[in-house]
Amino acid sequence: QVQLVESGGGLVQPGGSLRLSCRASGLALDYAAVGWFRQAPGKEREGVSCITYTSRPTYADSVKGRFTTSRDNFKNTVYLQMNNLLPEDSAVYYCAALDSGYGCPMSDMNYWGAGTSVTVSI
């Protein structure tokens, strides 16, 4: 049984940083495409970043230059480092994985975590 568990969310002031973690069990993330998605209240879920086995990470325009995704294959964990956070970054953040994927189309992701909440506020 595959499980993805996110952690690292919380309350942070504008301009602050958080690092989210997505730890997997039952699936080797090093050969999967792993995406971070987020959903703010009243808004649709949107893609934030994607990391695959074969290509460089990609990012939504709204987070480029501020967010970085990386993986630690030994820990079977993918991270999302979020710097210079803005109030509009507040959302529930989900990680999702696609077996042997080359991208992170939301509708194709096989496995989803339960999410971790990020609130950026004074």
Side-chain angles (χ1 to χ4, degrees):
Q1 181 180 359
V2 175
Q3 281 192 314
L4 302 179
V5 179
E6 302 97 335
S7 61
L11 173 65
V12 63
Q13 292 186 351
S17 298
L18 285 174
R19 187 178 79 158
L20 306 183
S21 300
C22 173
R23 184 170 183 177
S25 58
L27 174 70
L29 291 184
D30 47 351
Y31 293 104
V34 181
W36 285 96
F37 301 84
R38 66 186 181 185
Q39 187 166 19
K43 295 188 176 181
E44 294 186 352
R45 191 171 297 188
E46 62 178 358
V48 175
S49 67
C50 180
I51 186 168
T52 70
Y53 174 68
T54 59
S55 61
R56 298 174 66 179
T58 58
Y59 302 93
D61 288 344
S62 59
V63 306
K64 279 180 183 176
R66 301 187 297 120
F67 290 11
T68 303
T69 188
S70 61
R71 67 167 90 230
D72 184 329
N73 292 337
F74 181 76
K75 294 182 179 180
N76 208 29
T77 299
V78 170
Y79 302 99
L80 183 67
Q81 177 67 43
M82 307 186 295
N83 298 328
N84 192 21
L85 282 159
L86 306 171
E88 49 263 44
D89 295 318
S90 298
V92 177
Y93 283 72
Y94 302 89
C95 70
L98 174 61
D99 285 344
S100 302
Y102 295 95
C104 300
M106 196 182 318
S107 59
D108 291 349
M109 305 307 281
N110 296 119
Y111 310 104
W112 289 84
T116 185
S117 181
V118 171
T119 302
V120 184
S121 179
I122 297 174

List, one per line, each side-chain donor-acceptor pair under 3.5 Å for residues 64-82, sequence neighbours excluded.
| unit_1 | atom_1 | unit_2 | atom_2 | d |
| --- | --- | --- | --- | --- |
| Lys64 | NZ | Asp61 | OD1 | 3.1 |
| Arg66 | NH1 | Asn84 | O | 3.0 |
| Arg66 | NH1 | Asp89 | OD2 | 2.7 |
| Arg66 | NH2 | Ser62 | O | 2.8 |
| Arg66 | NH2 | Asp89 | OD1 | 3.0 |
| Arg66 | NH2 | Asp89 | OD2 | 3.4 |
| Thr69 | OG1 | Tyr79 | O | 2.9 |
| Arg71 | NH1 | Leu29 | O | 2.3 |
| Arg71 | NH2 | Ala32 | O | 3.3 |
| Arg71 | NH2 | Thr52 | O | 3.3 |
| Asp72 | OD1 | Phe74 | N | 3.0 |
| Asp72 | OD1 | Lys75 | N | 3.1 |
| Asn76 | OD1 | Leu29 | N | 2.8 |
| Asn76 | ND2 | Ala24 | O | 3.0 |
| Asn76 | ND2 | Leu27 | O | 2.8 |
| Thr77 | OG1 | Lys75 | O | 2.9 |
| Gln81 | NE2 | Asn83 | OD1 | 2.9 |

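- Between Pro87 and Pro14, the closest heavy-atom pair is CG-CG, 4.2 Å.
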Exercise answer: donor-acceptor pairs, residues 1-9 side-chain atoms, under 3.5 Å, sequence neighbours excluded:
| unit_1 | atom_1 | unit_2 | atom_2 | d |
| --- | --- | --- | --- | --- |
| Glu6 | OE1 | Ala114 | N | 3.1 |
| Glu6 | OE1 | Gly115 | N | 2.8 |
| Glu6 | OE2 | Cys95 | N | 2.9 |
| Glu6 | OE2 | Gly115 | N | 3.2 |

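- Aromatic ring centres of Tyr94 and Phe37 lie farther apart than the 6.0 Å criterion allows.
- Taking the side-chain hydrogen bond (donor to acceptor under 3.5 Å, both in side chains) definition, one finds that Tyr93 meets it with Arg38, sequence neighbours left out.
- With a 4.5 Å cut-off on side-chain heavy atoms, Ser17 and Val12 do not count as touching.
- No path of Ile, Leu, Val, Met, Phe, Trp and Tyr side chains, each step under 4.5 Å between heavy atoms, connects Tyr59 with Leu98, placing them in separate hydrophobic clusters.
- For the pair Trp36 and Ile51, the minimum side-chain heavy-atom distance is 4.5 Å or more.
- Between Cys104 and Ala33, the closest heavy-atom pair is SG-CB, 4.0 Å.
- With a 6.0 Å radius and a threshold of 12 heavy atoms from other residues, nucleotides or ligands, Glu88 has its CD atom above the threshold.
- Around atom CZ of Arg45, more than 12 heavy atoms belonging to other residues, nucleotides or ligands sit under 6.0 Å away.
- Cluster membership check: Met109 does not share its hydrophobic cluster with Tyr53, using side-chain heavy-atom separations under 4.5 Å among Ile, Leu, Val, Met, Phe, Trp and Tyr.
- Rounding to the nearest 0.5 Å places SG of Cys50 at 13.0 Å from OH of Tyr102.
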